[in-house]
Structure formats: C-alpha cells, structure tokens
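Single-structure report; data block below.
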Amino acid sequence: MNVAGFLRILLVWSVAGIACAHPLGDNSVNRLAAIEVNQDRIDVRYLLEMAEIPTLFAGQTADVNQDDVTSDLEWRAFSRNQAVQLLPQLQLTLAGAPLALRLGQTHWQIKPGNADLSVLKLTYHFSALIPPGARITDLTYADSAAPDQPGWKGVTLKAGQGVELVFSNVGQDDPTRGLTLFPTIQGALLDQTSAQASLAFAPVSVSSNTNADMEKPIAVEQSFSNRLDTRIASKAEEVPVTETIGNERPLPQEHGSNLSSFFFLGIHHIAVGWDHLAFLLGLFLLSPATRALVKVVSAFTVAHSITLTLAAMGWIYVPGAWVEPAIAATVAYAGWLSFARRKASQAVAMAFGFGLIHGLGFAGAFAETLGQTSLASAQLLDLLSFNVGIEAFQLALIGMAVPIRSWLTGHSWSFAAHRYTALGVMSFGSIWLISRTLGEWV
C-alpha cells in the first residue's frame, strides 16, 4: 500500500470514529441507581456502563487464568465480584435506621465500542426488607463508590403499589433509557449519587412468606468473592455461578490485539480532540518551511510523549481544571502568533513547552485507569502503542496539509486564507479558554 492510500485509510477511519465516538469519552464509567419502594421491600436496580479503556482493563482483571482470553465464566465471576465489592458502598436508610441491602441477580453484556474495543455493561439487582408497621417516614440513599471517577451519575426513585411518594429530590423515570442517553444540566454532566424522599405506606398485613422471594444473602456472595482468585480454567465446574446470572456471550478480549487496539484508540483520541487539532494547525501556520515544520512538530511530539508517560505512570498529576484551560490558552496563543504574522524564532522551544501541557491532556484518557493498577510491562506497551497512534495521525494530517499549502501559495488569496484560518484558531482557543475557566468557577 502506498503512502497516499494509507493516509486515505486514516482519514476515513477518523471520520468514522468521530461519528461513533463514545459520548462521554473512552475512559468514562457511567452509572444509574433506579430505586423502587414497595410495601414490604426496596429494590435497587444498579446499572454500570464502562467505556472502552475501563472495559479493556476489566477484561485483563477478569482473565484469572491469564490465558489472554476472557471466557464467559470469567466474565460471570468478574461481574459477581464487582457487585460484592460495590455493595458495602451503598447506604440505604429508612427513618434513620440502616437497611441491609442484599445482592440478587447480576447481568453482564459486552458490545462493540470504538477502535475495535468493547464496552461493558453491568446490571445489579439489590433489595432490602422494610420492617413491618412503616407509615410516613423518610428514606435516604447514598453511593460512595469512586466519587471522582469520570462519567454520568444519576439516581431515580419511584413508589410501587401501596406506597405514596410524598417528596423526592430525584426524578422517577430513567432519563438515560438504560444508559444510552446522557442528559446534562446547564451543559454539565449529572453527578448525582444520593437521594432523599418522604414516603407514606398503606397498612399491610405481614405474611409469613415475606422472605420467600428475597435474593441470596450477601454472606454467600462474599464466599464467592473470596474464591475468585482460584484458577478457573483448571476446574471451571467448581466455580459457584448461580443461574440468576445473565449469560450473553462477550466479544473476545485477547491481549494480543491490545497493541493494535490502543494504536487506533490513539488515532481516535487525536481525531476527536479539537483543541489538540487546532493547536497543531496553529503550529502548521507558524512554520512556512517544511523542514522547520518537521522540527516544530517533532518537538511537540517528544514533549507530550514525556508528560503522557509520566502521568500514566502516576509520577506526576495536574488537575484537569488546570490542564484544560491551559491547553486552550496554547491554542489561542498559537493562533494569535499566526494571525499577527510574528516570526516564531523560538517556535521549537514553544512547541516543546506547550507539548508538555498537551501531554497532560492526552493522559486524561489514560492516567485514571492506569493509576488504579500497577503499570506492568504489557501496559507500558499499550501506552506506547496509544502514543504511536497519536503520532501517526498527526503525521498523516501534516502529510496531507503540506501539498495543499503549496497549491494555495500560488493564488492571490492565499494571504487572506492564512489570516482567516489563524483568526479561527485564535478565536476557538479564546472561547475554549473562557468557557473552561468559567466552568470551574460558575
């Protein structure tokens, strides 16, 4: 395949990636707790949706026998174990008294995601008995699991037959349609992990079979969790998987394909990272000579590779509230230099310095997930492949842009085109800077 053909493939792939991009990013974990209060019990249907990067590492964790393929049985075990770990972090009280939540059914499903990766969706069913004689009382719910994890978080609460919902600070219906839509409030993602409500219960006679339909107690599930580390492949029949667990066959999670997956994921991240693309365009406008452009882009590449690696390894950490406005400022500054036709005598040094900042932005898609695990050699290769994907797409864009600029140079309106393009870069950078700065203070 010639270079032109390779570039066309990259361009088509990037456009397709933009069209099917995960709405909240490849590192998000979205969750919804749907609570239903009945006369004798409270049911909590808990949905978790892991985007591509968390799903990839979940597959590696679930692969207990380390055979590089996550089997149905291992996914079942992983799903149940995650529910067991989540349960102590969910607090439910009625009239100030804590209720004991018990784990029932768990269900897992894997669907295709971006860059040949998968998206994992988990559904857990919890329940708690309501003491007899409840009348008008208050209910509270709180979820303390991973409060800083990026993603959409919501709670719904509704009353069943024989129960009147007097007051609730959350909605009754699922606005996400099963975590497929993610509504925002004033442009910001919902971050609701607790609920308060007042309930009125109708008189009810207590049946002796109240516990008949309750799910398996957590003590049994904890025993299951303790056995998760056994080698599943050697004696799979000994792993206690209950019939209540959903059985949808996943896509294969083979570690051998990780490198290519992370390569294309790197391409996807730069293809949908409009601020990074705008800065790259600013660098392009600042460097009329191809040789100078190669030096500038190389400096940018080396710099953001350094900070991306350091952040992913957990050696440095800069809050996103600082990084994102700083990236926007670099875009605005590069656009201003191009618009003012300033001689960028220190363009290489500037590209390197600003590249350090952009590397922290790239790490936002990677660092939080890797920061929760030890960075093994295989994960270092994943990170390297991710970074190579970024560089491949950048070089592809530059390779396509250079002949276009050479063609434009021969036209009388090329100067105006340069000025308007630079003005666009500066304007977008300024708008991003204002919105990202105010977004942290409003």
Does a side-chain heavy-atom distance below 4.5 Å link Val170 with Ile35? no

Point to revise | Polar side-chain atom of Asp174 near backbone of Thr176 as donor-acceptor pair, under 3.5 Å | key: yes

d(Thr156 OG1, Arg45 CZ) to nearest 0.5 Å is 9.5 Å

query: Is a donor on one side and an acceptor on the other found under 3.5 Å between the side chain of Ser430 and the backbone of Ala332?
result: no

Okay, side chain of Thr106, backbone of Arg80: is any donor-acceptor separation there less than 3.5 Å?
no

**Request:** For the pair Thr55 (side chain) and Leu120 (backbone), establish whether a donor and an acceptor sit closer than 3.5 Å, ignoring hydrogens and angles.
**Result:** yes

Trace of the side chain to side chain contact (heavy atoms under 4.5 Å, CB included) decision for Leu129 with Leu99: CA-CA 7 Å; Leu129 284 176; Leu99 298 179; over 6 Å; no

*Can you find a pair of side-chain heavy atoms, one from Gln39 and one from Val163, that are under 4.5 Å apart?*
yes

_Heavy-atom side-chain proximity of Tyr333 to Phe354 below 4.5 angstrom_ = yes

query = Does any non-hydrogen side-chain atom of Phe352 lie less than 4.5 Å from one of Ile306?
reply = yes

Smallest heavy-atom separation, Asn65 atom then Asp63 atom, equals OD1-OD1, 2.8 Å

- Sub-4.5 Å side-chain heavy-atom contact between Pro147 and Asp191: no

message = Between Leu47 and Thr123, is there a side-chain heavy-atom distance shorter than 4.5 Å?
response = yes

With a 4.0 Å cut-off on N to O distance, would you call Asp143 and Lys153 a salt bridge? no

Close side-chain approach of Val155 to Tyr141, heavy-atom, < 4.5 Å: yes

Rounding to 0.5 Å, atoms OG (Ser118) and NZ (Lys111) come to a distance of 12.0 Å

Between the CG atom in Asn169 and the OG atom in Ser194, the distance rounded to the nearest 0.5 Å is 6.5 Å

message: Could you tell me if the side chain of Gln82 sits less than 4.5 Å from the side chain of Trp108, heavy atoms only?
response: no

- Show your reasoning for whether side chain to side chain contact (heavy atoms under 4.5 Å, CB included) applies to Val37 and Phe201. CA-CA 10 Å; Val37 183; Phe201 292 85; 3.9 Å; yes

Query raised in the report: Is the backbone N or O of Trp75 less than 3.5 Å from a side-chain atom of Ser79, with the two atoms forming a donor-acceptor pair by type?
Result: no

If only atom types and distance count, is the side chain of Ser435 paired as donor or acceptor with the main-chain N or O of Trp432 below 3.5 Å? yes

Is it true that Asp275 and Arg436 make a salt bridge, defined as a side-chain N closer than 4.0 Å to a carboxylate O?
yes

Checklist entry - Between Asp43 and Arg41, is there a side-chain N and carboxylate O pair less than 4.0 Å apart? => result yes

> Quick one: are the ring centres of His358 and His276 less than 6.0 Å apart?
Replying inline: yes

Value for CD (Glu36) from CG (Asn38), rounded to nearest 0.5 Å, stands at 4.5 Å

* Does the pair Tyr46 and Leu87 meet the rule for a side chain to side chain contact (heavy atoms under 4.5 Å, CB included), with working shown? -> CA-CA 10 Å; Tyr46 196 100; Leu87 189 53; over 6 Å; no

Query raised in the report: Hey, does the side chain of Ser28 reach the backbone of Gly151 with a donor-acceptor pair shorter than 3.5 angstrom?
Result: no

- Does the side chain to side chain contact (heavy atoms under 4.5 Å, CB included) test come out yes or no for Phe78 and Thr70, once each step is laid out? CA-CA 10 Å; Phe78 174 82; Thr70 307; over 6 Å; no

From the list Glu49, Gln149, Lys121, side-chain hydrogen bond (donor to acceptor under 3.5 Å, both in side chains) partner of Asn30 resolves to Glu49

Separation between OG1 (Thr61) and CD (Glu74), nearest 0.5 Å, reads 11.5 Å

